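To start, the structure itself, in structure tokens.
Everything quoted here is computed from the prediction, not taken from an experiment. Computation of the quantities below employed the complete heavy-atom set of this structure, encompassing side-chain atoms and omitting hydrogens, waters and symmetry-equivalent molecules.
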Amino acid sequence: MIEFFFDCSSPWTYLAFHNIQPLAKELGAEIIWRPILVGGIFNTVNPSVYAQRETPVPLKARYMKKDLADWARSADLAIKMPPTVFPVNSVKAMRGCIWLGKDMVPFATSVFEAYWGGDKDISQDAVLAEICKKAGIDEQKFFAGISEQAIKDQLKANTEEVVARGGFGSPTIFVNKTDMYFGNDRLPLIREALKRSKASAA
């Protein structure tokens with residue numbers, strides 16, 4: 001089993017979200033999608049992210065931009081970094097994922113594509129309404145749903161849970177509850193972990 005804690009506001013999460021699906025299918029692993037707010041994580045346990053944004057190391061920043069472009073090319077995804085609006089307030093989009101439950105993947109995919117590929121501000125209701133139409137979601141029900149207190153509470157609970165379990169960013173991925181991995185580039189290690197788990201269960 002894979003638990004995938006994610007926020008659509010991260011380009012590395014977009015890559016991992018895209019790349020982990022065929023991996024899970026190949027190895028017969030179930031993915032449990034866990035929407036979070038990465039800003040809540042940064043505020044709680046990883047505030048150094050903000051300092052890095054304010055005073056980046058030029059050589060490292062230049063390499064990270066190339067690294068992201070290389071990964072995007074490898075995954076055949078369009079990723080503009082940085083988008084016009086960055087960082088973005090993804091709270092409504094992530095509440096939408098909570099509200100959709102097991103049907104969240106097409107919506108989350110469209111959110112990633114709109115923000116990272118289309119350079120659209122996913123904090124705006126008009127953009128989210130457009131995404132809903134693309135994903136075949138009733139936009140009136142969507143906006144009513146994401147305003148429900150239970151949905152807000154669940155997003156907060158997911159965020160607090162991943163921190164309590166040792167997470168410090170997005171994506172945070174767990175194999176079989178306790179084996180934690182962070183980032184798109186850890187997928188080869190996740191593959192090995194799943195194979196070990198499969199072998200031990202045989």
Side-chain angles (χ1 to χ4, degrees), residues 1-27 29-50 52-53 64 67-72 74-83 86-91 93-98 100-102 104-117 122 154-194 197:
M1 183 186 70
I2 299 167
E3 291 171 278
F4 191 93
F5 288 84
F6 73 103
D7 186 325
C8 292
S9 67
S10 157
W12 303 104
T13 303
Y14 183 16
L15 287 161
F17 178 90
H18 175 83
N19 290 330
I20 204 167
Q21 293 183 64
L23 171 61
K25 186 176 181 181
E26 175 192 341
L27 297 177
E30 177 190 6
I31 302 176
I32 298 173
W33 303 103
R34 305 293 302 277
I36 57 171
L37 278 181
V38 75
I41 294 177
F42 294 160
N43 291 340
T44 306
V45 295
N46 195 8
S48 64
V49 170
Y50 302 127
Q52 290 170 8
R53 286 176 182 169
M64 286 183 67
D67 193 34
L68 181 60
D70 288 342
W71 277 107
S74 175
D76 196 25
L77 293 177
I79 297 181
K80 177 189 176 185
M81 183 65 188
F86 183 79
V88 71
N89 184 338
S90 62
V91 64
M94 301 320 297
R95 285 177 185 165
C97 289
I98 295 278
L100 286 161
K102 291 182 179 180
M104 76 176 74
V105 172
F107 173 77
T109 301
S110 294
V111 172
F112 277 122
E113 289 173 349
Y115 184 51
W116 294 108
I122 58 169
Q154 187 61 58
L155 183 59
K156 183 180 179 184
N158 285 0
T159 305
E160 291 174 347
E161 179 185 337
V162 74
V163 170
R165 291 170 67 181
F168 51 85
S170 174
T172 298
I173 304 160
F174 289 91
V175 175
N176 296 333
K177 291 287 185 182
T178 58
D179 193 9
M180 189 182 90
Y181 298 87
F182 173 70
N184 171 68
D185 57 351
R186 297 306 189 269
L187 292 187
L189 299 179
I190 292 170
R191 173 186 289 278
E192 291 178 8
L194 290 170
S197 179

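Taking each heavy atom of Met104 and Cys97 in turn, the nearest pair found is CE-O, 3.3 Å. Closest of all the heavy-atom pairs between Pro11 and Met81 is CG-SD, 4.3 Å. In this structure, Val111 and Ala93 approach most closely via the heavy-atom pair CG1-CB, 4.0 Å. The two residues Leu15 and Leu68 have their closest heavy-atom pair at CD1-CD1, 3.7 Å. Taking each heavy atom of Pro35 and Leu155 in turn, the nearest pair found is O-CD1, 3.5 Å. Shortest non-hydrogen contact noted between Ile122 and Ala114 is CG2-CB, 4.5 Å.
Panel note: side chain Trp12, backbone Asp185; no donor-acceptor pair is recorded below 3.5 Å. The main-chain N or O of Arg34 is never found under 3.5 Å from a side-chain atom of Asn158 such that the two would form a donor-acceptor pair.
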What do the steps show when you test Arg191 against Glu26 for side chain to side chain contact (heavy atoms under 4.5 Å, CB included), and what is the final call?
CA-CA 10 Å; Arg191 173 186 289 278; Glu26 175 192 341; 2.9 Å; yes

Applying side chain to side chain contact (heavy atoms under 4.5 Å, CB included) to Phe86 and Tyr115, what does each step give before you reach the verdict?
CA-CA 10 Å; Phe86 183 79; Tyr115 184 51; 3.4 Å; yes

Determine whether Lys102 and Trp33 satisfy the following criterion, side chain to side chain contact (heavy atoms under 4.5 Å, CB included), listing intermediate values before the conclusion.
CA-CA 8 Å; Lys102 291 182 179 180; Trp33 303 103; over 6 Å; no

Go through the steps to decide whether Phe174 and Met1 satisfy the test side chain to side chain contact (heavy atoms under 4.5 Å, CB included), and finish with yes or no.
CA-CA 8 Å; Phe174 289 91; Met1 183 186 70; over 6 Å; no

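Between atom CD of residue Glu160 and atom CD1 of residue Ile36 there is a gap of 12.0 Å, rounded to the nearest 0.5 Å. For the atom pair Ile2 CD1 and Ile20 CD1, the distance stands at 4.5 Å (nearest 0.5 Å). Separation of atoms CG (Leu37) and OG1 (Thr159) is listed at 5.0 Å; rounding is to 0.5 Å. To the nearest 0.5 Å, the span separating CE on Met180 from CD1 on Ile190 amounts to 11.0 Å. Between the CE atom in Met94 and the CD atom in Gln154 there is a gap of 12.5 Å [rounded to 0.5 Å]. Distance check, rounded to the nearest 0.5 Å: CH2 of Trp116 to OG of Ser9 gives 7.0 Å.
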Mind listing the side-chain donor-acceptor pairs of residues 164-173 below 3.5 Å, one per line with the distance, residues two or more places apart or on another chain?
unit_1 : atom_1 : unit_2 : atom_2 : d
Arg165 : NH1    : Glu3   : OE2    : 3.0
Arg165 : NH1    : Glu161 : OE2    : 2.8
Arg165 : NH2    : Glu3   : OE1    : 2.7
Arg165 : NH2    : Lys177 : O      : 2.7
Ser170 : OG     : Asp7   : N      : 3.0
Ser170 : OG     : Thr13  : OG1    : 2.7
Thr172 : OG1    : Gly169 : O      : 2.6

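Residues passing the side-chain contact (heavy atoms from CB on, under 4.5 Å) test with Leu189, sequence neighbours excluded: Tyr181, Arg186, Glu192. Partners of Asp70 by salt bridge (charged side-chain N to carboxylate O under 4.0 Å, His left out), not counting sequence neighbours, listed by chain and number: Lys66, Arg73.
Just one residue in the list Leu77, Thr109, Asn184 forms a side-chain contact (heavy atoms from CB on, under 4.5 Å) with Phe17, and that residue is Thr109.
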